[in-house]
Amino acid sequence: MLLGPLLVLFLLGSAAPASAHAALRGTDPEDKSVVASAPRHITLTFTESVGLLEDSFRVYAPDNRRVPLGEPRHADGRSDTARTGLPGGLADGTYTVAWRVVSADSHPVSGAFTFSVGAPSPTPPAARVAPAEHPVTASLYDTGRHLAYIAAALLIGTVAFAGLCRPPDPAPLRLPLLTGWWTLLAATVVLLVLRAPYETGTAPGTAFDTSALARTLTGRPGLALLARLALLLLTAAVFLLLSRRRAPAARTPPAHLAAGAALAVALALTWAAAEHASAGIQVPVAMTSSVLHLLAMACWLGGLTALLLTLYRAKTPPPAATVIRFSRLAFASVTVLVLTGVYQSWRGLGSWNALTDSPYGRTLTVKLLVTVLLLAAAGLSRHWTTALAAAETPPPTPQKPTPDPRRALRRSVLAEVVVAVVVLLVTTVLTGTLPARAEAEAAEAPRPQVAGLPGASALTVPYDTGTPGGRGSVQITMDPGRVGENGLQAVVFGPDGGLVTIPELRLSFTLAARDIGPLDAKLTDRGGYWATNDLTLPLDGTWTMKLTVRVSELDQVTETRKVRITR
């Protein structure tokens, strides 16, 4: 009766713990902008908090040489920004900025943009921008993440199966228990060693750089991995202690169950504290949901493996009571997965359209389809569990021969395990995909003002004289865009987006509310762009900017725009 609603809910919402990579919200100077004078800083603003690297910024001059920079830091103490200082005396031309930071969810993000000082370079520099990631490092790191998820599910699920389902012969569980523990230990060590080159996008050999390793051990992802190692060692100590004090097979002491639950929650927190749930909206709720999601996944999928080995390798076949206990545990786990999955999907998607319009949504859809297969196999296993219980209770009257339920249960559980591995692999891919909500926030965010100025920002004004070749646009930038003396420069682009030369460009400002103007900006041709350094706007307010573009002796057009000037 409940399987149908669960399937619907799972289709609508099951997701891996996910919230938001940091996406670039804006740059200062703005991408492809032209500033009258060289800026003193480069500032990036992101949708979420970011961590900085020693080499977070690389700036290439018009001659393709690298510009010396100041140490990266957060602007004005805001963790969602990254800033570096520029040296004085930068030459005119186009500069390329390559950047790389680490999201609060542990994923590095990178990109590049350009800006021009004075006027764009005739030929933009081909900057040696570093690749977003090193393929070998990324492959090894992703493999470690896959193995860590599978090992955690195997370790936690096996312990949960042994403690809650109470199989009479626990000997077959030794293999998945040790395999899960050693695999998780090895994967954690690999992730810790590769963390620095993964963040910087360099080759695995750089992992042994002392300074890089020290930086890893002080960052949030590195601390989470260290905590995971400590918890694994503590888990091993608890296992050894309990193995010497064996409890009766009929029931696991409550103290042992409490210790196992505490260690499982702590291990799950090492994922939640350093990945998607630690960034974005509603972080406390998201981290709680992430922990529950991971534990439910481990109890279900790891417990499946433990059940499968018990069915195949136990000297004494498990009674129906053991299988029924696991069936109840699996059903409870699925319920938790549905509830947390609905919340995490809403948090990661942001809209229904994102299911098909974003990489995150498409990956989530694949996971949902595979999960449907998994739930179908689970339903079949539940059927054979019921049949097994009935077979162990002889009917009062002879019945027709039926298929061996124990053999059928083995096959259905094996199918569940195979599909579960696929679900885990897709889950790992999903946790490494930019959520649609963050992608949409970055796309819809207002662009920053040029050079961080509170007043007028760069304007692009299209024009059309109505004659062949008389269309284009003028990009206008004011510095500082406040009351008082301002520098102003304008670059004219043709219909194909390239720079064009025109015989005349006039610009004036009027503040009608105070009966001031028009004030002529007195632009002069600077050989490729038009500029002035002594435009004085005496009062704050909304000024009317009047732009006249003359493309020939007879053809010209005038456009107007509103410009806000502040003190």
Report yes if the side chains of [X] and [Y] come closer than 4.5 Å at any heavy-atom pair, otherwise no.
X      : Y      : value
Leu267 : Arg228 : yes
Thr84  : Trp99  : no
Arg195 : Pro221 : yes
Pro319 : Pro168 : yes
Leu337 : His293 : yes

Should the pair Arg145 and Trp271 be classed as cation-pi, given the thresholds of under 6.0 Å to the six-membered ring centre and 45° from the axis?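 Output no; distance or angle outside limits.
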Got a second to check how far [X]'s [atom1] is from [Y]'s [atom2], nearest 0.5 Å?
X      : Y      : atom1 : atom2 : answer
Arg58  : Thr96  : CZ    : OG1   : 13.5 Å
Leu53  : Ser110 : CG    : OG    : 10.5 Å
Trp181 : Leu177 : CH2   : CG    : 10.5 Å
Ser333 : Leu304 : OG    : CG    : 9.5 Å
Leu308 : Arg313 : CG    : CZ    : 9.5 Å

Trp300 ring center within less than 6.0 Å of Phe161 ring center: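 Phe161 vs Trp300: aromatic centres not under 6.0 Å.
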Are Arg66 and Asp55 within salt-bridge range, i.e. N to O under 4.0 Å?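 The answer is yes: the pair qualifies as a salt bridge.
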Under 4.0 Å between a Lys/Arg side-chain N and an Asp/Glu carboxylate O for Asp76 and Arg78?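 Salt bridge flag = no for Arg78 with Asp76.
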With no hydrogens and no angle check, just 3.5 Å: does a side-chain donor-acceptor pair link Thr43 and Arg83?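 Yes, a side-chain donor-acceptor pair sits under 3.5 Å.
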